[in-house]
Amino acid sequence: MTSLNLQPKILGMEYNFKAIEKKWQQYWSNRKTFAASNTSEKEKCYVLDMFPYPSGAGLHVGHPLGYIASDIYARYKRHKGFNVLHPMGYDAFGLPAEQYAIQTGQHPDITTKANIKRYRAQLDQLGFSFDWSREVRTCEPDYYKWTQWIFIQLFDSWYDVAQQKARPITELIAHFENSGTSDIEASCSEELNFTAGDWQQFNAAKKSAVLLNYRLAYLSESMVNWCPALGTVLANDEVKDGRSERGGHPVEQKRMLQWSLRIAAYAQRLLDGLDQIDWTESLKESQRNWIGRSEGAAVTFATEHNDLSIEVFTTRPDTIFGSTFLVIAPEHEYVTAFTTTEQADAIAAYQKAAAMRSERERMADAKTISGCFTGSYAIHPFTGEQMPIWISDYVLAGYGTGAVMAVPAHDSRDYAFAKHFDLPIIEVVAGGDISQEAYTEKEGTLINSDFLNGLSVKAAQQKIIAALEEKAQGQGRINYRIRDAIFGRQRYWGEPIPVYYIEGVPHVMRTEHLPLTLPEVSAYLPTAAGEPPLARAEKWHYNPETGEIGNEQPGFHPLETTTMPGWAGSSWYFLRYMDPHNSQLFVGDNIEKYWQQVDLYIGGSEHATGHLLYARFWQKVLFDRGWVSVEEPFKKLINQGMIGGVSALIHRIKDEKKFVSAELAHQYDTSLLHIDIDFVKDTAVDTEAVKNWREEFADYEFLQAGDTFHCVREAEKMSKGKFNVVNPDDVVEKYGADTLRMYEMFLGPLEQHKPWSTEGISGVYNFLRKFWRLYHPGGNFAVTDTAPSPEMLKALHKTIKKINEDIVSFSFNTSVSAFMICVNQLNELKCNHREILSPLAVLLSPFAPHIAEELWEKLGNQNGISHEPFPEFDEKHLVENSFDYPVSFNGKMRFKLSLPLGLANGEIEAAVLADERAQKQLEGKTIRKVIVVPGKIVNIVAG
RNA sequence: GCCCUGGUGGUGAAAUUGGUAGACACGCGGGACUUAAAAUCCCGUGGACAGUAAUGUCCGUGCGGGUUCAAGUCCCGCCUGGGGCACCA
């Protein structure tokens, strides 16, 4: 909002949005207008927004975009007779509050509560129809009690691959007791083999360790993303290009004992489920990429070392006869075993160098080819040839088996590697020129491949897999890129993990002792020993008998000191809204069966691979274990586009106290400086405002060519530091919530990214005033009960039709236009007929609810507009008896001709040709063809 | 490199299954009302050319081809903005 904008006047019977909006917000709140019932005869509709993290900066104009859209939809559905659940809450655990706590010593709970209060005030101003009685906050013990409870369910489950579902761990124990690991297919960290007898011999600690290998929440020693600057580990989706997503700090790989969730077990179901839900293609693609399914084969290569064989994963088993060497990751467990004495020094040096390089360096340096020969050989399963075994960091320890069969002729990395180290290249798929580059297409005929010769790639793949299976040296396999999610964080401000240890063996707390509340600590920092902040708590031992939390003492066991990640609470909050005050269960059985799933979910695309994947995963686990009745949590999902800021920057001459206007800037050596967008209209800068802004600028000179000093504008992300943030409060103050709501919709398609600009807001504001005046001809409220004209009915019903269509297709920008057209027409028709204006108020109410309520009341209604039935569209008012035919010649429209509808094609043609304008067009030409589309167009082909 | 998206006036954008390109707004220009300003209302507004004018002709939806009576829309090949995945075997 620029200071140059003019304050609209408020007059007696003028549209006084301030009074109106306050009045109706109060009314809705007092009457609990939007409270949803859990027992209703009506059909349900669950409309959800991604709940916000309450940051200290408050809302900016970008945040409400999605909330407005979902609110329009929710209000529309209420008018359509649905029982609508439209809740809001706060994703309240998180890093910023903790970091603020570290700096100031203030408890994050205090800052969080203050921020929530501010958010609530801002949200309330915008007239959203939230059912606030269902508000949830992830940081409240009443809420996170159930987050902890779900963690316990995960701990208590294992994944049965054969049945493709999670089952209680007790059933796995029963199986081990009877049959050991035989006849069981379970997702696990490490393949184990033992008999029923072995199991019975195991002591309790060993049994626990074995079970951890199968639990969906498990503790394991694994490579994690460690971020030293944040002092915590991060999940894969929290790391971007080797840096932390929040803050951009370097991330390194570190081996640590960590809690993880076995999401990889659900890879296929997470993939399959995408076909059942109405999400955008790009979002589904993101998830598919993240899950990263690839089909191929596992092949076992025998080696010179009789007891050791190497398993590789390949998507091109058809090219096996072109495989001339093997490459294993430098961290592969057999590297030492394969290394011969002659090669020992070289291998050790290579491994050391590889370990030193960070993930980031490795990626940046992808083109440099490096590797080292181990000195050992593998044996080709079909030719019996010796294949040298190399190590190289282009093979990743964490993907597949950490080993590849190199086929240089048909893989570009293998090709480069073979060229560099002068290894043999054998062409096995005809079609390329392997003297120049690898031929990687999956098309062509197999050659040099024994029994595969002459086959297509596809046929060869099937045949070779069968052959491998027969030799027991391989089988078809599907591999997924998705990794299990690291779940522990070395932070304070998160849900405590409800786990205690007896002699190092983890146990989960008894659910009746939940919640395990966050303890008070002396500082929100790691301990001197490097333990997480919770290790500072004085009382952090649990007595499983009594449920007490206390000091270290007999009967009390130490509790876990890491906390859950930010995404824990948000992975199930949509379920809690259904039944937020249930103290017996996370959601009541019948209530969950009534609401089932979110019908419409609106939020930002940045959560594509984090929140949306985890939430789907948790839902599936809860589904498998019988706690919820549907498998996908979000039926339809829309990503609202981001609203960007438009920064204002001025040129400052380097080392001088001078600013220079944009048109002269090229003459000087300048740097650009962000200034507050309040000082600017278009590119014209209020130089006095800049001088007064900062003391240091008071004596600056402004160089300019003409009357105005110009800045440059640039579209950027809205942020405090760029002084380009537009606060919705200011817009509401000047134009009102109804204008802001409609303007944000009017900006363009919901899903599109767009920069914020207030340039057009007056158009929407004027519309609402025209709308108001329609009900106040001559300044006073007046409607007539006489019958409206057919034109008026037509204008209304055209709008009803359009608004209905637009809302169900989420095309809110065109709805706003439709309203404008309608009001312009009714204005022209001097319409103030109740029969038109009454349904029109209902029609507008999802978009601009305050003005609609006020006019509805003035029309003499006493019960509020929110549950009033939506106007029904009636085709009969739109029936036309003539149509303005556009008449084209060779595809170019030349004139229009009004003709009665219902004419036969021949009659239309005759009428058109009889027109003198047609005759003029046809002078000196012959008609070759006449196309008549009744009610659409006439096209005459002539030449 | 692979995948997903988008590209239309000065600006934000419309255009349902191929059928009048630019609806609706903003901005800009002109006018009415006013002592004046604001507010409001009215008219014009894609570009080029011709005409005193009404009007007419041509060009125009990122670029180049194609299909069709007709293409912003369908097909082929490029250019380009945004996003995702990536030494992923």
Side-chain angles (χ1 to χ4, degrees), chain A residues 6-9 11 14 240 280-292 294 296 312-316 319 327 329 362-363 365-370 392-396 398-407 410-414 416-417 440 479-481 605-606 608-609 639 641-642 682 743 746-749 751-764 766-767 769-770 773 802 805 809 811 813-822 824 827 884-896 920 928-933 935-942:
Chain A
L6 296 147
Q7 181 87 21
K9 255 189 236 166
L11 294 172
E14 274 288 293
K240 284 248 149 77
T280 60
E281 201 43 47
S282 62
L283 191 59
K284 288 185 185 181
E285 269 310 303
S286 289
Q287 294 216 340
R288 288 193 188 109
N289 279 335
W290 189 258
I291 295 166
S294 51
V312 305
F313 173 74
T314 175
T315 55
R316 295 296 304 276
T319 63
V327 188
R362 214 161 130 161
M363 282 192 292
D365 202 21
K367 280 173 199 88
T368 316
I369 295 154
S370 70
S392 172
D393 64 6
Y394 86 84
V395 174
L396 306 176
Y399 185 74
T401 58
V404 303
M405 63 172 212
V407 185
H410 304 289
D411 179 282
S412 39
R413 291 152 315 191
D414 297 345
F417 195 84
T440 57
N479 202 46
Y480 301 92
R481 181 160 48 229
S605 55
E606 66 272 22
T609 49
N639 290 130
M642 218 166 42
D682 284 331
Y743 180 61
F746 189 59
L747 277 176
E751 305 190 27
Q752 199 164 296
H753 293 254
K754 49 223 156 193
W756 176 259
S757 131
T758 34
E759 302 295 325
I761 199 164
S762 63
V764 172
N766 283 340
F767 157 74
R769 290 199 298 172
K770 275 191 213 169
R773 279 202 302 271
K802 179 78 178 145
E805 287 168 357
S809 59
S811 174
N813 52 328
T814 51
S815 306
V816 179
S817 306
F819 279 121
M820 288 172 170
I821 292 167
C822 179
N824 287 344
N827 232 326
D884 242 5
Y885 278 93
V887 181
S888 306
F889 293 82
N890 297 327
K892 286 183 183 120
M893 206 278 287
R894 291 305 178 191
F895 64 87
K896 285 183 196 171
K920 206 180 147 204
R928 304 208 189 279
K929 200 174 182 182
V930 179
I931 286 112
V932 176
V933 185
K936 279 263 161 93
I937 200 168
V938 176
N939 189 18
I940 297 163
V941 188

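Residue numbering restarts at 1 for every chain, and letters A, B, ... go by the order of the sequence lines. Worth saying up front: this structure is predicted, and the values here are computed from it rather than measured.
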In whole Å, measure the gap between the P atoms of rA36(B) and rA21(B) for me.
45 Å
What interatomic distance, in whole Å, is found between C1' of rG7(B) and the corresponding atom of rG12(B)?
15 Å
State the CZ-NZ distance between Arg773(A) and Lys770(A), to the nearest 0.5 angstrom.
8.0 Å
Figure out the CH2/P separation between Trp290(A) and rG84(B), and round it to whole Å.
11 Å
Give a yes-or-no answer on whether the side chains of Lys929(A) and Asn939(A) include a donor-acceptor pair shorter than 3.5 Å.
no
Using the P atom in both, what is the distance from rC59(B) to rG72(B), to the nearest Å?
13 Å
Can you tell me, in whole Å, how much space there is between the C1' of rG64(B) and that of rA15(B)?
25 Å
Rounded to whole Å, the CE-P distance (Met893(A) to rA71(B)) equals 15 Å
rA48(B) to rU11(B) separation - P atoms, rounded to the nearest Å:
15 Å
Which of these nucleotides, rC4(B), rA89(B), rA39(B), is closest to any side-chain atom of Thr315(A)?
rA89(B)
Distance between the C1' atoms of rG27(B) and rG83(B), in whole angstroms?
32 Å
Canonical and wobble pairing (Watson-Crick, G-U, under 3.5 Å) of RNA chain B, dot-bracket with |
(((((((..(((......[....)))((((((.......))))))(((((....)))))..(((((..]....))))))))))))....
Can you tell me how far C1' of rC4(B) sits from CG of Asn639(A), to the nearest Å?
12 Å
At under 4.0 Å between heavy atoms, how does the protein contact nucleotides 11-19 of chain B? Give one character per nucleotide, 5' to 3', with B, S or -.
-BSS--B-B
In whole angstrom, give me the gap between the C1' atoms of rG46(B) and rG29(B).
16 Å
Select from Lys896(A) and Gly891(A) the residue whose nearest nucleotide in RNA chain B is closer to the 5' end of that strand.
Lys896(A)
Considering every strand and a 4.0 Å limit on heavy-atom distances, what is the contact class for Asn766(A): base, sugar-phosphate, or nothing?
sugar-phosphate
Do the charged groups of Glu285(A) and Arg288(A) touch, with an N to O distance under 4.0 Å?
yes
For rU16(B) versus rG65(B), give the span between their C1' atoms, rounded off to a whole number of Å.
29 Å
